[in-house]
Asks: 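Can you read through this structure? Questions will come right after.
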Amino acid sequence: MTLQLDFSSKVFQVDSLDVGSAHVEKIVKGGRNLFPLLPKAFAGIKQIGVIGWGSQGPAQSQNMRDSLEGTGIKVKVGLRLGSKSAAQAEAAGFTTASGTLGEMFDVIRESDMVILLISDAAQAELFTKVFEAIRPGATLGLSHGYLLGHMKNVGAKFPANINVVAVCPKGMGPSVRRLYVQGKQVNGAGINASFAVQQDVDGRATDLALGWSVAVGSPYTFMTTLESEFKSDIYGERGILLGAIHGIVESLYRRYITQGMSHEDAFINTAESVTGPISRTISKKGIVAVYEGLDAAGKKTFEQAYAASYPAARYVLEEIYDEVSTGNEIRSVNLAGDRLKRRPMGTIDGTEMWKTGAKVRAKRVEANIPVHPFTAGVYVATMMAQIDVLLEKGHPYSEAANESVIEAVDSLNPYMHARGVAYMVDNCSNTARLGSRKWAPHFDYLLSQEAYVAVDEGKALDSKLMDAFKANPIHKALAACAEVRPSVDIFVE
């Protein structure tokens, strides 16, 4: 049963979004026109402490500082003593001299609202010290439900005397900042966000969360729960957002070369096709438009690829969801923390495929990149399998749409299109980077061993899968989301 959530605001207008299938979700539309309301949303808040400088820290601290300029509300960055990120924070204008940069626990102790953006592994290691430092009546903000998942694993609870809220941008930190800056001339440009209220001790939690989301530039904000968020987020980045797309293009690249394509043509018809015209079509016109834009022969090829790939991709995605929902994937990330201290993650773009990709990008002509129907069928089948798992597990339609589609085509894929898979994956959190590296080979293996073999051997495929694809309720949900989509497309240098 799909999660139905309701909320009201004393500060912001709450609108309704008809996502189809008799579901109406409450949202708040963002925009710079709402910035004058931020002092009211943050009433009683004198200092917001942003703790950490990883993927989200630079974006959220700068966006909030810019949005709150002239309000008297200070945004102060907190880092560990001796942090290598201090120089980057100083370069972004957060300085000890101005009182906007300090030691993390000092900043936690003195802030009315603490936005904890240190790595997930660091949160798992330090949360008890954070709880000891945060003042009674303050608000703890998270941009990921990972900490809740870890606390469930170890039987811990949040302090009972603080608000606990979440605002979770549906894109990597660099996208959150880039679109905010690009959108200064276009009201409402940015990255969508979900919000959650885990604890509300003073009746202000909802408006604090919504103010935070508006301040970081979210075009629209929808409600979820912290548990639903961490399950969908960790699952999604191991799926189509990062892990699956990597496994898909690697497997197809080898397949097309085996079939006689040149290495450059194989790259163009895999990675370039997905991150270029396929992503742009989905972003602007929806998923079905990819299929509808093909000729008769292309549709037949798409249907074959879709019907063969959906079962294989779904098998992996169901396994990922089980690993996330049971806490196993969080345990895996925590265990990796110690290993990473001994051996940091290596690069993932050093193979022949990605070296070929660099050559292709150097002479790219966007208009000449084709929508390869087989590639499109595999990619869309995996995206739809991810959506179906989320909806069957009861996640809100907006969450399924953002975690499976909007974040992929509007935030992440443009980075892969610009500079390759490592530029996309390694601009994300360590949790996402670890998950991508772990699960991409699973998609590669099952697609190669099962889906492509089924096509090549002419095995009977389930024709009902295409009917289900065309009738899927997510298409109406995406159309509704598109109505509140800002006009600015991300530009990645």
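Here the structure is a predicted model, which means the values were calculated and not measured.
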Asks: Nearest 0.5 angstrom please: Ile245 CD1 to Tyr379 OH, how far?
Replies: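 Between atom CD1 of Ile245 and atom OH of Tyr379 there are 4.5 Å.
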
Asks: Between NE2 of His246 and CG of Asp349, what distance do you get to the nearest 0.5 Å?
Replies: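 The NE2 atom of His246 sits 8.5 Å away from the CG atom of Asp349.
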
Asks: Check the pair Trp212, Phe195 against ring pair (Phe, Tyr, Trp, His ring centres under 6.0 Å), reporting the backbone distance first and the verdict last.
Replies: CA-CA 9 Å; Trp212 171 14; Phe195 87 98; over 10 Å; no

Asks: Quick one: do Leu208 and Asn163 satisfy side chain to side chain contact (heavy atoms under 4.5 Å, CB included)? Show the steps, please.
Replies: CA-CA 10 Å; Leu208 286 170; Asn163 293 321; 4.1 Å; yes

Asks: Quick one: are the ring centres of Tyr415 and Tyr423 less than 6.0 Å apart?
Replies: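 Yes, they do, as the ring centres are separated by less than 6.0 Å.
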
Asks: Evaluate Thr224 against Ser194 for side chain to side chain donor-acceptor pair (under 3.5 Å), listing each step before the verdict.
Replies: CA-CA 6 Å; Thr224 185; Ser194 61; 5.7 Å; no

Asks: Do the side chains of Asp112 and Arg135 get close enough for a salt bridge, i.e. N-O under 4.0 angstrom?
Replies: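 Yes, Asp112 and Arg135 are salt-bridged.
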
Asks: Using a strict cut-off of less than 4.0 Å between a Lys/Arg side-chain nitrogen and an Asp/Glu carboxylate oxygen, indicate whether Arg314 and Glu392 qualify as a salt bridge.
Replies: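 A salt bridge is present here (some side-chain N lies under 4.0 Å from a carboxylate O).
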
Asks: Please round to the nearest 0.5 Å and tell me the distance separating atom CG of Asp322 and atom CG of Asn328.
Replies: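 One finds 9.5 Å between CG of Asp322 and CG of Asn328.
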
Asks: Apply side chain to side chain donor-acceptor pair (under 3.5 Å) to the pair Ser67 and Tyr180, showing each step before the final yes or no.
Replies: CA-CA 10 Å; Ser67 299; Tyr180 180 95; 2.8 Å; yes

Asks: Does the side chain to side chain contact (heavy atoms under 4.5 Å, CB included) test come out yes or no for Arg32 and Phe35, once each step is laid out?
Replies: CA-CA 5 Å; Arg32 293 172 185 268; Phe35 289 179; 3.7 Å; yes

Asks: Run the salt-bridge test on Lys26 and Asp15 with the 4.0 Å N-O cut-off and return the result as yes or no.
Replies: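 Answer for the salt bridge query: no.
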
Asks: Using a cut-off of 6.0 Å, state whether more than 12 heavy atoms not belonging to Lys74 lie near its atom NZ.
Replies: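 For Lys74, atom NZ is crowded (more than 12 foreign heavy atoms under 6.0 Å).
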
Asks: Give, for atom CD1 of Ile27 and atom CG of Leu17, the distance between the pair rounded to the nearest 0.5 Å.
Replies: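 Going from CD1 on Ile27 over to CG on Leu17, the span is 4.5 Å.
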
Asks: Check this for me, if you would: do Arg177 and Asp66 make a salt bridge, where the nitrogen-to-carboxylate-oxygen distance has to be below 4.0 angstrom?
Replies: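 Here Arg177 pairs with Asp66 in a salt bridge, since their nearest N and O are under 4.0 Å apart.
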
Asks: Counting only heavy atoms not in Lys152, do more than 12 sit closer than 6.0 Å to its NZ atom?
Replies: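 Incorrect, the count does not exceed 12.
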
Asks: So, are Arg364 and Glu366 salt-bridged, with charged N and O less than 4.0 Å apart?
Replies: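 A salt bridge is present here (some side-chain N lies under 4.0 Å from a carboxylate O).
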
Asks: Hey, is CZ on Phe158 packed in by over 12 heavy atoms from elsewhere, all under 6.0 Å?
Replies: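 More than 12 within 6.0 Å, yes.
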
Asks: Under a 4.0 Å N-O cut-off, is there an ion pair linking Asp207 with Arg204?
Replies: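 No.
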
Asks: Do the charged groups of Arg433 and Glu237 touch, with an N to O distance under 4.0 Å?
Replies: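 Glu237 and Arg433: not salt-bridged.
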
Asks: Out of curiosity, Ser398 OG to Glu25 CD, how far, rounded to the nearest 0.5 Å?
Replies: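 Reported to 0.5 Å precision, the distance equals 3.5 Å.
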
Asks: Using side-chain heavy atoms (C-beta onward) and a distance below 4.5 Å, is Thr100 in contact with Val77?
Replies: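 No. Closest side-chain heavy atoms not under 4.5 Å.
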
Asks: Going by atom types only, do His144 and Glu229 share a side-chain donor-acceptor pair under 3.5 Å?
Replies: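 A donor-acceptor contact under 3.5 Å links the two side chains.
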
Asks: Are Arg238 and Tyr321 in a cation-pi setup, meaning NZ or CZ lies under 6.0 angstrom from the ring centre and within 45 degrees of the ring axis?
Replies: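 Because its charged atom misses either the 6.0 Å distance or the 45° angle limit, Arg238 does not stack over Tyr321.
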
Asks: Determine whether Met424 and Leu412 satisfy the following criterion, side chain to side chain contact (heavy atoms under 4.5 Å, CB included), listing intermediate values before the conclusion.
Replies: CA-CA 6 Å; Met424 174 181 70; Leu412 292 166; 4.0 Å; yes

Asks: Any salt bridge linking Lys76 with Asp106? Criterion: basic side-chain nitrogen under 4.0 Å from a carboxylate oxygen.
Replies: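 Salt bridge between Lys76 and Asp106, a charged N being under 4.0 Å from a carboxylate O: no.
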
Asks: Other residues, nucleotides and ligands only: do more than 12 of their heavy atoms fall within 6.0 Å of CD on Glu69?
Replies: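 No - once you tally the heavy atoms of other residues, nucleotides and ligands closer than 6.0 Å, there are 12 at most.
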
Asks: Quick check for you: to the nearest 0.5 Å, what is the distance between Cys168 atom SG and Asn402 atom CG?
Replies: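 The CG atom of Asn402 is 11.5 Å from SG of Cys168, to the nearest 0.5 Å.
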
